[in-house]
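Okay, structure first, notes after.
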There are 2 protein chains.
Amino acid sequence: MSNQNNKKALVIVTDGSEEMETVISVDVLRRAQIDVTVAGIALQNGGYAKCSRGVMIVPDQSLSNISNFDVYDVIVIPGGLAGAKTISSDPEVQKLLASAHQTGKFVAAICAGTIAIKSANINKGGKITSHPIVKADLENEYNYQEDRVVVDNKVITSRGPGTAFLFALTIVEQLLGKEKRNEISPPMILASTL
Amino acid sequence: MSNQNNKKALVIVTDGSEEMETVISVDVLRRAQIDVTVAGIALQNGGYAKCSRGVMIVPDQSLSNISNFDVYDVIVIPGGLAGAKTISSDPEVQKLLASAHQTGKFVAAICAGTIAIKSANINKGGKITSHPIVKADLENEYNYQEDRVVVDNKVITSRGPGTAFLFALTIVEQLLGKEKRNEISPPMILASTL
């Protein structure tokens, strides 16, 4: 794209990932000229992720083909309970998320994807939110919030498909500032409250 | 799915379709147990639609392989300007939309996808909305509205990615009633205003 800002995002997708949370994250970040890579893991059908409601998404590449993760400013984990379980239990992803957090990068997770924050041992005791379905998995080890999006120590968490625009715009604002968020919002015709 | 309600939807996708509008429509309708077919047309890469922000979606089948369109209760056209141009200028789609409208089925279009309503010669003079980017193409032949979703004579139109949840929930409500809409909304953690 012509208007690159040198920010890079990695969105991890697998079978059972929530397709709205995945696609809203990718699309909104790309509208902000963030260079987004959709990386697949553990795909049963090889070429695409079969998402939670059957939408088939072809990743840009396989996570296992990426050798240098230092270039990414944010790692994004979508929800979808089955997908979140696969992603959060993957040792490669756990290592990647822990390393991103330790080196001051953003880690962002929405819905059930938030369990990957816990399995990577990130920001324990810090503020977090999630879909209510995984609240019980998180509330003992985190300061659990019910806000629609939570930012704490470069960990961005959110609740579900209906908060995915707010989640993605918060990532944009954290990486590029409020001005970029305000620039890309009007063409999407968003509601006054997200 | 166990809870089928016998309603069927056809969502048409092509290169340049807006991926959020496509996926939110498909996902929300499937949450309502509507049997959704994602049908591709004119795909340059064969196996998938390369959407407006680069997300690659594999359709369930090619539109040209579908022989009986009478089974669909609603035809859904997503936006994305390039995709909407391809879809709206396709003679097969024009015939399909006109026939669906004439036989009392719903036709639903969002964002720039609304130009397909005009090219199919449907409900001229009736109420319509769209993304502002195609307002000038529609306002001379329709009663143009700026509401976030408009339902008129079984034609459902809406404005952009940020109104896509409202658009999809309106389709659900029109096909299955307010109760089904209210049943599927809370787990998505939608904002109080859409």
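The sequence lines fix the lettering, A, B, ..., with proteins before strands; numbering per chain opens at 1. As a basis for the values below, the full set of heavy atoms in this structure was taken, side chains included, without hydrogen atoms, waters or symmetry mates.
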Checklist entry - Rounded to the nearest 0.5 Å, what separation is found between the CD1 atom of Ile24(A) and the CD1 atom of Ile24(B)? => result 4.0 Å
Checklist outcome for this item: Rounding to 0.5 Å, atoms CD1 (Ile189(B)) and NE2 (His131(A)) come to a distance of 4.0 Å
Item to check | Distance (rounded to the nearest 0.5 Å) between Cys51(A) SG and Asp27(B) CG | outcome: 9.0 Å
Checklist outcome for this item: chain B shares the most heavy-atom pairs under 4.5 Å, among Thr163(A), Leu166(A), Thr193(A), with Thr193(A)
Checklist entry - chain B heavy atoms under 4.5 Å from Val55(A): which part of the residue, side chain, backbone, both or neither? => result both
Next on the checklist: Evaluate Asp60(B) against Met56(A) for side-chain contact (heavy atoms from CB on, under 4.5 Å), listing each step before the verdict.
Outcome noted: CA-CA 8 Å; Asp60(B) 297 316; Met56(A) 295 174 276; 3.4 Å; yes
Checklist entry - If two hydrophobic side chains count as joined below 4.5 Å and joins carry through other members, does Ile122(A) share a cluster with Val134(A)? => result yes
Item to check | chain A contact via Val38(B) - which portion, at a heavy-atom distance below 4.5 Å | outcome: neither
Checklist entry - Would a hydrophobic clustering, with Ile, Leu, Val, Met, Phe, Trp and Tyr connected at side-chain separations under 4.5 Å, put Ile156(B) with Ile128(B)? => result no
Checklist entry - Is a side-chain donor or acceptor of Arg30(B) paired with a backbone partner of Arg53(A) at a separation under 3.5 angstrom? => result yes
Next on the checklist: Within the supplied structure, the quantity of interest is the number of heavy atoms (other residues, nucleotides, ligands) at a distance under 6.0 Å from Lys95(A) NZ; does it exceed 12?
Outcome noted: no
Next on the checklist: For Leu194(A), which atoms come within 4.5 Å of any heavy atom of chain B: side chain, backbone, both, or neither?
Outcome noted: backbone
Item to check | Close approach to chain B in residues 69-77 of chain A, criterion heavy atom under 4.5 Å | outcome: none
Checklist entry - Can Leu63(A) be reached from Val107(A) by stepping across I, L, V, M, F, W or Y side chains whose heavy atoms are under 4.5 Å apart? => result yes
Item to check | Between Ala191(A), Ser192(A), Gly54(A), the one whose heavy-atom pairs under 4.5 Å with chain B are most numerous | outcome: Ala191(A)
Next on the checklist: Counting only heavy atoms from other residues, nucleotides and ligands, does the tally under 6.0 Å from CD of Glu92(B) exceed 12?
Outcome noted: no
Checklist entry - Rounded to the nearest 0.5 Å, what separation is found between the OG1 atom of Thr22(A) and the CD atom of Glu19(B)? => result 12.0 Å
Checklist entry - Is it true that Arg31(B) and Glu18(A) have a side-chain N and a carboxylate O under 4.0 angstrom from each other? => result yes
Checklist outcome for this item: When rounded to the nearest 0.5 Å, the distance separating CE of Met188(A) from CZ of Arg159(B) is 15.0 Å
Next on the checklist: With a 6.0 Å cut-off (strictly less than), is the heavy-atom count around NZ of Lys118(A), excluding the residue itself, greater than 12?
Outcome noted: yes
Next on the checklist: Check for me, please, whether Leu10(B) and Val26(B) land in the same ILVMFWY cluster - side-chain distances under 4.5 Å, paths through other members count.
Outcome noted: no
Checklist entry - For atom CG of Leu43(B), is the number of surrounding heavy atoms from other residues, nucleotides or ligands below 6.0 Å larger than 12? => result yes
Item to check | Same apolar cluster (I L V M F W Y, side chains within < 4.5 Å links), Val172(B)/Val151(B) | outcome: yes
Next on the checklist: Walk me through whether Val28(B) and Met20(A) qualify under side-chain contact (heavy atoms from CB on, under 4.5 Å).
Outcome noted: CA-CA 9 Å; Val28(B) 171; Met20(A) 299 192 282; 4.0 Å; yes
Next on the checklist: If you count every heavy atom of other residues, nucleotides or ligands that lies below 6.0 Å from Ile133(B) atom CD1, does the total exceed 12?
Outcome noted: no
